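Everything on this sheet refers to the single structure shown next.
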Amino acid sequence: MSYWFTIASLTGINVLLAYSVYASFMSGQVSIGQVAFFGVGAYVGASLTVLGGFDLASAVMAGGFAGAAASLFVGVPTLRLKGYHFTIATVAFAEAMRVVLHNLKYGRPRSSGNVGDQWLGPDGATGFRHISYLNDHSISTGQYAVIVWLIVAVVVVAFFLVERSRIARILRTIEEDEVVARSIGVPVARYKVAAFACGGFIAGISGALYAHLLTFISGNDFIIHLSTIALAYVVIGGGQTMWGPLIGAIIFTVLPETLRPIREFRIELFGLLIILVMLFRPAGMISAAMVRRWGVALTSKAGAKPPRKAP
Amino acid sequence: MLLTAVEGLAYGGLYALLGLGFFLTYGVLRRIDLAYGTVVMTSVYLGAMMVGGLGLPWVGVLALTLVVGIPLSLLVAYLAFVLVRQDARFSMAATLGIWMVLEELMLQSPGRGRGQAIVNPLQDLSWWPWGLQIRIDHMVILGLALAVAGLLTRFLTRSRTGLAIRVSAYDASVAALLGISHARMMVLATVIASAVGCVAGWSFAMAQSGIDLHFGMWATVKGLVILVLGGTQSIALIVTAAIGLGVAERVGSELIGSGYRDLVGYGLILALLAVEPFLRPGETRFGDSR
Amino acid sequence: MSRTQKSNFYTVRAIALATVAAASLTAAFTTGATAFQDDGTIILCSIEPLSGIGTSFGQPNYLGKVIAIDEINAEGGIEIDGKKVKIKLISEDDQAKPDQGVALFRKCAESEKALVITGTQYSRVTESMWGLLQKKVDDPNDKGLQVPSMSFLSMKAGVTGVSEWAFRNAGDEPAQHELAIKLMEEKFGPFKNYSGAVEANEGHSVAAWKAAYTPALERRNIKPAEYVEWYETDRDFSVQIRKLKRAETDFFILSSHLQANVGAMLEAQRQGFKPKMIISHIGSDAAEMVELGKQSTEGIVFPTAIHMAFPAPKVKWLADEYKKRTKETYMPQFVGLGYEGIMLVKEAIIKAGIKNRPETLAEDRRKVRDQLAAIKDYKSFAGMSLNMNANRDIVRPIYLVKITGGDFKLYWTPDKGFLF
């Protein structure tokens, strides 16, 4: 069972990563750099529990803030770029961050270690060992999955509320046409930066959770591939509503696990599925129209409330 | 250090070819194709594998690369950019899927994903003026890159077909009004972009005497870097950016070592992107991007 | 129903069907996994990269294990409580990704109830998996997993330090390199300028430089004449090679892996950089070094754990068996390490006197762990004797191979010394 708990935790982490992409996706900005904020969150979170003796909750929150700070650092100057130049800027940042994480060394010596294992904290390309908070505090995989999913729930509810607010409509307007948005007096840059920083915060939290689940991290964990996949969760699940990233990340984390018996062919199948979804449901698995219809169906079945207009 | 810079210049020819392929795909065809590098890698890989298996001469690799690469690129273009056309983001996701499938198929090919040897007829030929090492193969490739760049510039700006391709990629309905067959132009442009990519991939592989699976992603990242530096408007800028990258990488390795070398490069890109809108408001190396 | 509504209806139905299918598949696997131990087999788990970029390392290691299990089972299995019991090897594919590694490690430990978990190849995946283990045995406050695990590679120095349940059969890297340097100095020395090249983004490469080569040089009071870095995926090495050449390197330490090694050596050939001695490390002695590197890699010396050039007849048998199953003529040493590793585990199981009943699993695992920790003078199929050290690394006599005439030839053995 703990295998599935681990998968559940990983799924939750991927859902968070998908939402971090989605936050700026709502305003039409495509980031392939979320892995950088994920990595920053992982290193900050792990450093606090391993070296600083902090508790998990504070470490995870700090990871989130570190991710947000990093995203502001890259977002403020580059978000005024149009179209995919912003996307490329995020790629450059992610690659730069990976180089930094690869070369990072701080912490303190471990007197009791074996040969080659005498450092506590990140040790350059050798990596960051001994992130053993979960074992040290007897947190079981099941409990950890619950913690992860509680955070996911908070994020989902937050997006649910945002989606029904004026903010979402403004972001969608920016996505549709920036000029229109500006002409009706929307401070476009401020909204884009805020959305991107929220994405950075969520990615940072996700990274801190990842580090504690994995117990060992190194720069190699944070390659650009991971954020392309995170983007794929959103695009495939559907980028029109907040349900898309959730469904996309769940399906694409759990499906490869259930496909294990076909072994080496499962990556092909996974890739093929991406192509097929894009061919036949380009708006993603969950489209805005679908959610609207379900909303209507649910409320009319309940009969009590009149159908509310979806944003 | 000067030595290094001069050698980097020659190495830049390899990057220039790669950059031209990306320029055609991203700049002219306006496609965000994440599978571009992987398609090139797959073609060269299969070419090398077949030539190795059949014992053909070295030119066979280039021929087979083109034979595999061009139809494969057309297939990718059809799947990701013709069948999926609503939104550039969806097409991009589709190319991601194609990338995954191709890379995994190579692992399951008879080559088992292991490096494949490619004969370099100019392997140990270098020219040593004043203590400089100028590789003959690099010079040949640099010449080739400049020739391709010149031909492409002429083709895209002077010839009717070239103009038709650009119009067609910019706006299919305008093209239709002018009596240009959008579909045919797109196929033609894809073939050219793919041929340039295949030649670039083969050049790299030959210069290092082999091809490996990492090449696909590596080429995509390097291609994007060149694109960011050179923009999508001018072939001359692309070639300059590519050669600049060649020089910068060499000098970087010499001065700061490989560990942080890439950091400087990416930092420069970020700075360039961040500063540019202030320097030349309204006009960038990318033109109107939306 | 309008057309769009209808098509939406179909997709909803398709998604619903897919969910049901996925759920039932899941159910099938979780229930399938409950028939263990008491069905009369010993369960061992194997976690290796069998797809994705690590396949060329994982597949040979896995095949070595399979050949060993087939051989044991063909003899009827292992004797437990006076009865022969067969071994069942459950194979999982981690794609060289640490997130999959931790999930699979839990699966093997808790769902499959494996007696021993073997794997995996990539050090960074192994490190994540072993981070789940209890650090010190008998620590009541540490609720980490308590299952013996042994990797038959994961070369990176210090990996087993994370838990007393973690073992490794890869060879003592610092000792290997110390010996290689010493022997080369005795035969070809003295050397003036020692230089090193490291893959800056590769954990094992960097760790080998820090934990093995640097101390070896420090013991000799030598400062490297030149130290260069490159990336695993670099394609141009001219700057680095020129630096090494300028430093008049005559003893070149190539702490890097095959792909970069080949590129660097081709460049060395081009620049006419020919140091008197080149040594490289374990895992780099792959067929590609010769196939792709051709003339340029001639003369490189590697320490090796098990090589197909070993004289022991059983090694030849294993190479033939590997060839029969894969049609490959070159047997990477991972095959031998996988085969030997399973045999070590078998020895520990026999000595542990386990009961192999569901209720004795925890006890059995502990017994096997203790036996693994106590391995002493074990006679390997490759003809050498193996011992477990205090760091839970198998200490093995070191052999050297040298690329000669386009092939790996056995170059030095502990009993015969230099062979040519």
Side-chain angles (χ1 to χ4, degrees), chain A residues 1-7 10 13 98-99 102-103 110 112-118 123-127 129-132 134-136 138-141 210 213-221 247 251 254-261 263-267 280-281 285 287 289-290 293-294, chain C residues 4-5 8 11-12 15 18 22 25-26 29-30 50-52 55 92-93 95 98-104 106-111 123-124 127-135 141-144 156-162 173-174 199-203 205-207 210-212 215 391 393:
Chain A
M1 207 47 213
S2 65
Y3 161 61
W4 286 105
F5 284 138
T6 308
I7 296 297
L10 285 171
I13 287 164
R98 185 174 57 86
V99 177
H102 247 305
N103 289 289
R110 267 178 100 235
S112 59
N114 290 355
V115 177
D117 182 26
Q118 281 144 346
D123 184 9
T126 314
R129 290 171 167 148
H130 306 292
I131 310 171
S132 53
L134 299 191
N135 271 356
D136 295 347
S138 303
I139 297 174
S140 72
T141 41
Y210 175 85
L213 183 68
L214 269 279
T215 72
F216 168 82
I217 51 175
S218 67
N220 274 329
D221 289 348
I247 300 296
I251 290 184
V254 177
L255 193 69
E257 288 306 318
T258 55
L259 290 177
R260 278 199 177 276
R263 274 269 173 92
E264 44 263 55
F265 293 104
R266 70 186 197 280
I267 303 184
F280 298 108
R281 285 201 62 79
M285 290 175 154
S287 65
M290 222 161 115
R293 241 170 349 86
W294 284 355
Chain C
T4 47
Q5 268 182 323
N8 275 334
T11 31
V12 173
I15 291 173
L25 271 174
T26 316
F29 296 129
T30 36
L50 300 175
S51 63
T55 313
E92 300 289 359
D93 168 21
Q95 299 185 329
D99 52 343
Q100 300 209 14
V102 290
L104 292 171
R106 291 220 178 260
K107 184 179 186 192
C108 283
E110 295 179 18
S111 310
S123 298
R124 66 193 187 93
E127 291 210 64
S128 280
M129 296 190 334
W130 286 353
L132 307 176
L133 289 168
Q134 188 184 45
K135 277 183 215 159
N141 296 321
D142 188 341
K143 293 285 188 296
K156 187 159 90 185
V159 172
T160 48
V162 69
E173 208 175 19
E199 272 168 345
N201 65 338
E202 216 285 324
S205 219
V206 174
K210 279 192 207 156
N391 288 344
D393 274 326

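All values below were derived from every heavy atom in this structure, side-chain atoms included, with hydrogens, water molecules and symmetry-related copies excluded. Owing to the predicted nature of the structure, the values given are computational and were not obtained by experimental measurement. Just so it is clear: chains get the letters A, B, ... in the order the sequence lines come, proteins before strands, and each one is counted from 1.
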Check your understanding: Within the distance-only criterion (no hydrogens, no angle test), does the side chain of C/S128 pair as donor or acceptor with the backbone N or O of A/L214 below 3.5 angstrom?
Key -> yes

Check your understanding: With a 4.5 angstrom heavy-atom cut-off, which part of C/P174 approaches chain A: side chain, backbone, both or neither?
Key -> side chain

Study note, to complete from the structure: By side chain to side chain contact (heavy atoms under 4.5 Å, CB included), C/S123 pairs with (sequence neighbours left out) C/S154, C/K156, C/V159

Review point. If you take all heavy atoms of C/A200 and A/A125, which pair is closest and at what distance?
Key: O-CB, 3.5 Å

**Study point:** Trace of the side chain to side chain contact (heavy atoms under 4.5 Å, CB included) decision for A/D221 with C/R124
**Key:** CA-CA 9 Å; A/D221 289 348; C/R124 66 193 187 93; 2.6 Å; yes

Study note, to complete from the structure: Note: vs chain A, highest number of non-hydrogen pairs under 4.5 angstrom among C/A207, C/A103, C/G203, C/G161 is C/A103

Study note, to complete from the structure: Of the listed A/R98, A/H130, A/R129, the one with the largest count of heavy-atom pairs under 4.5 Å with chain C is A/R129

**Study point:** A/F5, part contacting chain C, at a heavy-atom distance under 4.5 Å
**Key:** neither

Check your understanding: Highest number of heavy-atom pairs under 4.5 Å with chain A: which of C/K135, C/Q134, C/M129?
Key -> C/K135

**Study point:** Closest-packed option against chain C by number of heavy-atom pairs under 4.5 Å, given A/L10, A/I7, A/L213, A/I247
**Key:** A/L10

Point to revise | Donor-acceptor pair between A/S140 and C/K143 side chains, under 3.5 angstrom | key: no

**Study point:** Max heavy-atom pair count under 4.5 Å with chain A, selected residue of C/N391, C/L104, C/D393
**Key:** C/N391

**Study point:** C/K210 side chain reached by A/D123 side chain, heavy atoms, under 4.5 Å
**Key:** yes

Study note, to complete from the structure: The interface call for A/T126 against chain C, heavy-atom contacts under 4.5 Å, is both

Study note, to complete from the structure: Tightest non-hydrogen contact, residues C/N141 and A/S138, listed as O-OG, 3.7 Å

Practice item. Report yes if some heavy atom in the side chain of C/E110 is under 4.5 Å from a heavy atom in the side chain of A/Y3; otherwise report no. Key: no

Practice item. Return the set of residues passing side chain to side chain contact (heavy atoms under 4.5 Å, CB included) with A/N135 (not counting sequence neighbours), or none when no residue passes. Key: C/D142

**Study point:** Interchain contact, C/L133 with chain A, by part (heavy-atom threshold 4.5 Å)
**Key:** backbone

**Study point:** side chain to side chain contact (heavy atoms under 4.5 Å, CB included) between A/Y210 and C/D99, worked out
**Key:** CA-CA 9 Å; A/Y210 175 85; C/D99 52 343; 4.2 Å; yes

Check your understanding: Which bit of A/S218 comes within less than 4.5 Å of chain C, counting heavy atoms only: side chain, backbone, both or neither?
Key -> side chain

